[in-house]
Amino acid sequence: MSEEHAHIVPYKTFMGIWIALLILTGVTVWVAQYNLGPLNIWVALSIATLKSALVVAVFMHMKYESWLFKIALLSALAILAIFIGLTFFDVLYR
Amino acid sequence: MSGHVHKDYTGAKFGMWLFLFTEVLLFGGLFILYSVYLARYPKEFITAGKELNVWFGGGNTLVLLTSSLFVAVSITALRRGAKKLCLGLLGGTIACAAIFMINKYFEWSAKIHHGIYPGSAHLKELQPGEMVFFNIYYLTTGLHGIHVVIGGLVLAWAMLLIKSDRINADDWVILENAGLYWHLVDLIWIFIFPLYYLILH
């Protein structure tokens with residue numbers, strides 16, 4: 001096999017990420033009990049973003065992929081951000 | 001005799017990622033729909049959101065996070081030559097998919113029993129904002145549920161290929177891509193859970 005293969009991710013790393021994901025889920029549920037006004041949605045979205053970053057980086061091996069994959073991912077996220085941004089520019093300032 | 005079979009791992013994985021980006025944009029559109037209507041009907045969304053059961057949503061979150069762990073570990077197991085462990089973990093993932101759908105069945109049954117489903121007479125009596133909430137809820141979680149079923153089927157297919165050694169320690173890209181699809185299902189739920197089940201409590 002001529003192609004270079006990404007290294008094998010150890011079991012321990014995956015277990016660590018799983019525990020982190022469970023703790024973050026607990027934190028989301030706990031914070032949601034308090035009424036922080038509009039802040040609630042931003043806290044929830046921040047934790048969800050952090051959780052997805054862990055899943056993408058380790059479970060989906062993005063951390064170990066080449067720059068090509070990382071730039072492609074950032075481009076896709078940038079496109080999504082533009083969609084959301086332009087939509088709210090219209091919705092909020094109409 | 002047997003010629004060199006060219007395997008383009010990078011190409012295969014990159015193709016899968018491109019497909020996943022289209023999925024992200026698909027669900028991204030549904031999340032935009034949610035956020036625009038949340039901005040328009042904040043009070044109605046809170047009233048409607050209280051109808052959702054945090055235990056169903058939270059339980060299914062734990063099921064999906066654990067299933068994602070199983071898939072990730074299964075690839076390491078396969079590459080280390082632990083074929084039985086790999087198959088066991090994938091079986092566990094498919095069991096998680098089944099548990100998720102059974103939970104969803106009970107959750108939706110209870111809602112439908114209370115007359116909450118798209119186009120129901122009860123929904124038409126509610127405030128427009130509440131109706132919108134439940135319609136987007138059914139659309140988003142329904143589309144996600146279809147993804148769970150497809151993901152389970154793809155993993156079952158991967159298990160058959162592992163049994164017949166067509167996926168093995170030297171050639172595992174199909175399992176890798178099937179796993180990527182499963183992680184995406186988990187990723188989308190990571191956002192659905194707080195947005196629909198928690199934010200409004």
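Order of the sequence lines sets the chain letters (A, B, ...), proteins ahead of strands, with each chain counted from 1. For clarity, every value in this text was computed on a predicted model and none was experimentally measured. Note: hydrogens, waters and symmetry copies are ignored here, and every other heavy atom, side chains too, is used.
- For chain A, no part of B/F31 is nearby; none of its heavy atoms comes within less than 4.5 Å.
- Surrounding NE2 of B/H114 are at most 12 heavy atoms belonging to other residues, nucleotides or ligands under 6.0 Å away.
- With values rounded to the nearest 0.5 angstrom, B/H183 atom NE2 is found 6.0 Å from A/H61 atom NE2.
- A pairwise comparison of heavy atoms in B/L184 and A/M60 identifies N-CE, 4.2 Å as the closest pair.
- Around atom NZ of A/K70, more than 12 heavy atoms belonging to other residues, nucleotides or ligands sit under 6.0 Å away.
- If you measure heavy-atom distances from B/S35 to chain A, the contacts under 4.5 Å come from both the backbone and the side chain.
- Closest approach of B/L65 and A/W18 over heavy atoms only: O-CD1, 3.6 Å.
- B/F21 is not listed as a side-chain neighbour of A/L77, based on a closest heavy-atom distance of 4.5 Å or more.
- Checking side-chain atoms of B/T76 against main-chain N and O of A/I8 turns up no donor-acceptor pair under 3.5 Å.
- In this structure, B/L180 CG and A/F59 CZ are separated by 12.5 Å, a value rounded to the nearest 0.5 Å.
- To the nearest 0.5 Å, atom CG of residue B/L198 and atom CG of residue A/N40 are 9.5 Å apart.
- In this structure, the portions of A/M15 lying under 4.5 Å from any heavy atom of chain B include both its backbone and its side chain.
- Counting heavy-atom neighbours within 6.0 Å of A/F88 CZ, excluding the residue itself, gives a total above 12.
- Of the listed residues (B/D186, B/T66, B/T61), the greatest number of heavy-atom pairs within a distance under 4.5 Å of chain A belongs to B/T66.
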*Apply the test side chain to side chain contact (heavy atoms under 4.5 Å, CB included) to residues B/K13 and A/E65: give CA-CA distance (whole Å), side-chain angles for both, the deciding distance (0.1 Å), then the verdict.*
CA-CA 10 Å; B/K13 265 195 293 186; A/E65 301 289 2; 3.1 Å; yes
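- Only the side chain of B/I75 comes within contact range of chain A, with at least one heavy atom under 4.5 Å from a heavy atom of that chain.
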_Worked check of side chain to side chain contact (heavy atoms under 4.5 Å, CB included) between A/V29 and B/F193_ = CA-CA 10 Å; A/V29 175; B/F193 174 56; 3.9 Å; yes
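- Closest of all the heavy-atom pairs between A/F14 and B/A72 is CE1-O, 3.3 Å.
- Of all the listed residues (A/T49, A/T28, A/L73, A/I17), the one sharing the greatest number of non-hydrogen pairs under 4.5 Å with chain B is A/L73.
- Taking both residues in full, the closest heavy atoms of A/Y11 and B/A77 are given as OH-CA, 3.3 Å, listed atom of the first, atom of the second, then distance.
- When the candidates A/L68, A/L22, A/T25 are compared by the number of heavy-atom contacts under 4.5 Å with chain B, A/L68 comes out ahead.
- With a threshold of 4.5 angstrom between heavy atoms, B/L69 approaches chain A through its backbone and through its side chain.
- For A/S52, the parts sitting under 4.5 Å from any heavy atom of chain B are the backbone and the side chain alike.
- The distance from the CD1 atom of B/I46 to the CG atom of A/N35 is 7.5 Å, given to the nearest 0.5 Å.
- Contact of the B/L25 side chain with the A/F83 side chain is registered, since non-hydrogen atoms from C-beta on lie closer than 4.5 Å.
- Between B/I190 atom CD1 and A/I47 atom CD1 the span is 12.0 Å, to the nearest 0.5 Å.
- Under a cut-off of 6.0 angstrom, the local environment of OH in B/Y41 is crowded, with over 12 non-hydrogen atoms contributed by other residues, nucleotides or ligands.
- For the pair B/R80/A/P10, a side-chain contact is recorded, criterion being any heavy-atom separation below 4.5 Å from C-beta on.
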